[in-house]
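To find a chain, count down the sequence lines: A is the first, B the second, and so on, and within it residues start at 1. Side chains are part of it too, since the values below use all heavy atoms of this structure and drop only hydrogens, waters and symmetry mates.
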4 protein chains.
Amino acid sequence: MPKIVDHNLYRKELLEKCFDLFAQKGYASITMRQIAQGLGVSTGTLYHYFPNKKILFEHLVENMVQRDISIATADWEKLKTRQERAEALGKYFNSNLAYHIKNSYLMIDFSQHQDAKGYQNSEFWQRLCERYKSVIYDFIGIEDPVLADFIMCFVDGVILERLLGIDTVDVVEQCTLLGKMVTAYLDKN
Amino acid sequence: MPKIVDHNLYRKELLEKCFDLFAQKGYASITMRQIAQGLGVSTGTLYHYFPNKKILFEHLVENMVQRDISIATADWEKLKTRQERAEALGKYFNSNLAYHIKNSYLMIDFSQHQDAKGYQNSEFWQRLCERYKSVIYDFIGIEDPVLADFIMCFVDGVILERLLGIDTVDVVEQCTLLGKMVTAYLDKN
Amino acid sequence: MPKIVDHNLYRKELLEKCFDLFAQKGYASITMRQIAQGLGVSTGTLYHYFPNKKILFEHLVENMVQRDISIATADWEKLKTRQERAEALGKYFNSNLAYHIKNSYLMIDFSQHQDAKGYQNSEFWQRLCERYKSVIYDFIGIEDPVLADFIMCFVDGVILERLLGIDTVDVVEQCTLLGKMVTAYLDKN
Amino acid sequence: MPKIVDHNLYRKELLEKCFDLFAQKGYASITMRQIAQGLGVSTGTLYHYFPNKKILFEHLVENMVQRDISIATADWEKLKTRQERAEALGKYFNSNLAYHIKNSYLMIDFSQHQDAKGYQNSEFWQRLCERYKSVIYDFIGIEDPVLADFIMCFVDGVILERLLGIDTVDVVEQCTLLGKMVTAYLDKN
DNA sequence: AATGAATGAGCGTTCATTCAT
DNA sequence: TATGAATGAACGCTCATTCAT
């Protein structure tokens, strides 16, 4: 019997530790050697668990998104009005803002990389977006897809502003405004 | 006998031509050789005018931003209603969408540069953001700074979605919706 | 409790199964992992029986050659004329041509091994060649050693052409021609 | 003006020096670093002149074949009879036998390498074989393509035997016999 | 000023081999 | 005896940068 290791568990552990490494430097800039070193393993071991950089990143994102959504939606059930929920959304992003900024940067960085070409039509990516949008549908209680896109754009935009270093934008304040605007719009139509 | 050349003028010319090259492939992907080739000079010459890739890129961004704003606002004066203007905004981004996507990517890439950290508090960057917002103020006819930020976030978010490859988002449609939402919101309050 | 296994017998069994694996991909291309997998054992076990890839390969070649000659000569006894036998030779190589090509490649690969340099003067190698030639003597019914060498060269050459990818060479046709040429030559002298 | 170098000339010089390096270790075993070192340049320089290992090898072979054929056929014009020519062929291979053995090994080694997959149908390879065969046609004065293939197989086989370390095969003697056999065969038919 | 040949550290990845269990 | 996780040197190749001309 070899060294006793739960392959899948260890994979998950590595993935967990990977996130910050990727987030610190971006997909393209961090090297597999640096990741291995950061994880305290050899490159060989890293490749033993993940066949290549792209797939490592893919697993990372899957992990991240899964966790994100479950955290974000954890205690939204008790919130009744749209306005309450919009404000909870703002609070969610505002806590761990640095994390969400990193997160966004990673997605952007990867999407522009050679490795991502042809990726945007992939099942994986499509599924990601669907899951993302379904959170908006369910949570804000919206059925108009154009409006759902609107909210998605806005939310990503808010994070982006902070990523760009524009600190005057206040995430909570903006989401609060979002709630009001959506309500005003829906009431009128 | 050296060619008689105005060093600074030639620098500016090179910069101007550089823009498309960077915008086509992104900062990380384009190589100095490719840039030199695209400019019709040798790598040696390129390095004669710019000490390294990063500095070349920084100069480029400065140039780009300056030009961009003046183009965007060129013929908006004749549009009267908010809705008209919101829709013009959508059309502006929708034409040359690929350009605007790359443009955004370049800004993001730039903002993540180690050297850009200081930049974000710099006079240059601040001025840039102010100018950006004032376009929104003037153009959409909004005075509430939170609402101006909202619109800025949204617009950047729309571009970002496309950068991420989410093609279902329609820029014109989204801006049209923006106009309606802003109106509904302002009418109500 | 260790499995009760006759070490040498198991070695031989592994060797037998190894052959196809090497023959399919060639010495350089197949990895120890692939071999182990093909044998249904772990890499650890493979290394338990053979200290390294080279020695595994050497044992393999010894095994292969021994087996090959006995197969080739199995049912040639009933063929009477030289021409019949020459054509049988062609058919023999033509069936399992892919195998013979790989086989030749393995021999060539082996012969170029650093460790094989000593081998070429070794009793083993000498004996091998003698046995090879004696097949030609017996089978084609030739006693002139130069002519035997000629046939040996030709046969190996035909296989080599195919190894090099020259598909226009037809093994059966060539061996048929060989029969005619030998006959013409022997009749004349 | 950069360092003054005749690009094509230098390429040719590098190619010339490359041959022994490849021949010593085989295509797969020699590394680009070792080649560069052997040539006294950096890997970067090597890649400046040749885009990859495969193409480097391709140029090498082209060079080699061109030279080989012109040397081989240089003074065959004055030889009149087939027998004289066959014997000249033997002498040609016998002088520089070590070179021809290396040469054959290189071709075999390459043909089995991953890089060569799909290569055997390439224009380059086809042209090589055609040129090779046309030497046989012209020189030995043969028009029957099967017979030309026969001779090609035989010649390659002779070299192969020596490559395999079978020193009892005498190249000159074998080619002399070839001449006689071809004559006997053609006289009879 | 201008060229492009030259450099070499570093990339993602592979794989023979070792070793704790 | 048997396992497969772990290693790390080495591969083909890239590219920002330097420098002799």
From NE2 of H7(A) across to C1' of dT3(F) the rounded distance in Å is 15 Å
Separation of dC19(F) atom C1' from H48(B) atom NE2, nearest Å, is 14 Å
Give me the ring orientation class for H7(B) and H48(B): parallel if the planes are under 30° apart, tilted from 30 to 60°, perpendicular past 60°. perpendicular
> Are any of the side-chain heavy atoms of N63(A) and K12(A) separated by less than 4.5 Å?
Replying inline: yes
| Would you say dG4(F) has OP1 or OP2 under 4.0 Å from some side-chain N or O of S42(C)? | no
Between S29(D) and G44(D), the residue closer to the 5' end of DNA chain F by nearest nucleotide is S29(D)
Under a 3.5 Å limit on both distances, the Watson-Crick or wobble mate of dA1(E) is none
Kindly indicate whether the side chain of D115(A), heavy atoms from C-beta on, has any atom under 4.5 Å from the side chain of N52(A). no
Of the candidates dT17(E), dA2(E), dC11(E), the side chain of R33(A) sits closest to dC11(E)
Nearest-nucleotide check on DNA chain F, K53(B) vs K54(D); residue mapping nearer the 5' end is K54(D)
Here the distance between atom P of dC15(F) and atom CG of N52(D), to the nearest Å, is 14 Å
I35(A) atom CD1 is separated from dT13(E) atom C1', nearest whole Å, by 13 Å
Judged by nearest nucleotide, the residue sitting upstream toward the 5' end of DNA chain E, V41(B) or T31(A), is V41(B)
Considering every strand and a 4.0 Å limit on heavy-atom distances, what is the contact class for T43(C): base, sugar-phosphate, or nothing? base
Y47(A) atom OH is separated from dA10(F) atom P, nearest whole Å, by 18 Å
Atom CD of E13(C) and atom P of dT1(F) are separated, to the nearest Å, by 15 Å
Inset, instruction - Return the orientation label for the Y10(A) and Y49(A) ring planes: parallel under 30°, perpendicular over 60°, tilted otherwise. - result: perpendicular
As its Watson-Crick or G-U partner within any shown strand, both distances under 3.5 Å, dA20(E) has dT3(F)
Taken to the nearest whole Å, CD/Q37(D) to C1'/dC11(F) is 15 Å
_What's I30(A) touching, base or sugar-phosphate or nothing? Going by heavy atoms closer than 4.0 Å._
sugar-phosphate
From CG of L46(B) across to P of dA1(E) the rounded distance in Å is 14 Å
* Asked: Contact class for T45(C) (heavy atom, under 4.0 Å): base, sugar-phosphate, or nothing?
  -> base
So Y27(B) and F57(B), would you call those rings parallel, tilted or perpendicular, with 30° and 60° as cut-offs? tilted
